[in-house]
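Scroll down for the structure; my scribbles are underneath it.
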Amino acid sequence: MKFTKMHGLGNQYIFVNQFEEKLLEEELRELAIEVSDIFTGIGSDGLILIGPSETADLQMRVFNKDGSEAKNCGNGLRCVAKYAYDNALVSSKEMTIETLGGIVQATVTVNDTTNTVELVTVDMGVPRLKAEEIPLLNSSKSPAIQEKIQVDEGEWSMTAVSMGNPHAVIYVDDINEAPLTTVGPVIEKHARFPEGVNVEFVEQISKTEMHFRVWERGSGVTQACGTGACAAVVSSVLNGFSEKGEEVLVHLAGGDLYITWDKDDRVWMKGPCETICEGVYYKKSERK
Ligand SMILES: N[C@@H](CCC[C@H](N)C(=O)O)C(=O)O
């Protein structure tokens, strides 16, 4: 199977071009687990398929490291846009990409001297805030702003936002003390989130700057999460820490993203991505 490994701020995925490579629906989950393995696979946070769409220029499907399918992936979208431009799957710098969470529009910024994609800007659409859209059960309010959640590690206040996929944003005083690997996995699988949740810890520095760490549903700690950074900025506006229409610089473990929740309600994400390598992967079932 031909593959390309790419990353957005260290959030690394194996990309398969389904215009060329035909995969069976029933093998996708296992394949995501296989390729993600750092010892016997390629090593990644998951698998992303780029394929034809009836409603957009391209379709993106995202599988986490544990084989679960997600409805959206911000870093994946930037990589898909770069891949599509670099491999002439599209003829324009602007393109539409269908995800299970809806259709988004992406624009690549190209350095004309080197002809390389330096940045990708994505219109991530309108965040979904109603508790049932996350989905979050037994919420005392909708939107769920500073909603209490009880776990063995204590009671936490979270703000729940869907960017097509679910996020719970928790504010901490010091990002280096964020209980990423203890509270993260427990909230991820909490019964109040019937579809699980991505858990983000945020240290707000100012109205326009924050530190961010993530425990991703289905993948654990990753270097970055694009939809999570969008959710964090939406959460900060809802909590009165940031303002609509003002760009926020989000410092993730793997680098920086620029996120704006526009006055027209749409969320914009701007950031880099890179191609790491390309190759041929031998599926476990085909190995000699
Ligand atoms: N890393 C991604 C999100 C990938 C999916 C997520 N783990 C989920 O299950 O919803 C991003 O950059 O947004």
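Order of listing sets the numbers, starting from 1, for every ligand and every atom in it. On a predicted model such as this, the values are computed, not experimentally measured, just so you know.
Within 4.0 Å of ligand 1, counting heavy atoms only, the contacting residues are N11, Y13, N64, A70, N72, C73, G74, N75, N165, N198, E216, R217, C225, G226, T227.
For residues 23-32, the pairs satisfying side chain to side chain donor-acceptor pair (under 3.5 Å) are E25-R61, E27-K283, with sequence neighbours left out. For residues 207-230, the ring pair (Phe, Tyr, Trp, His ring centres under 6.0 Å) pairs, not counting sequence neighbours, are H211-H251. A side chain to side chain donor-acceptor pair (under 3.5 Å) check over residues 123-137, counting only residues at least two apart or in different chains, returns the pairs D123-R266.
Under the 6.0 Å cut-off for aromatic ring centres, F201 and Y171 do not qualify, their centroids lying 6.0 Å or more apart.
A salt bridge is absent between K5 and E278; no separation between the charged side-chain nitrogens and carboxylate oxygens falls under 4.0 Å.
The local environment of NZ in K189 is sparse, with at most 12 non-hydrogen atoms from other residues, nucleotides or ligands closer than 6.0 Å.
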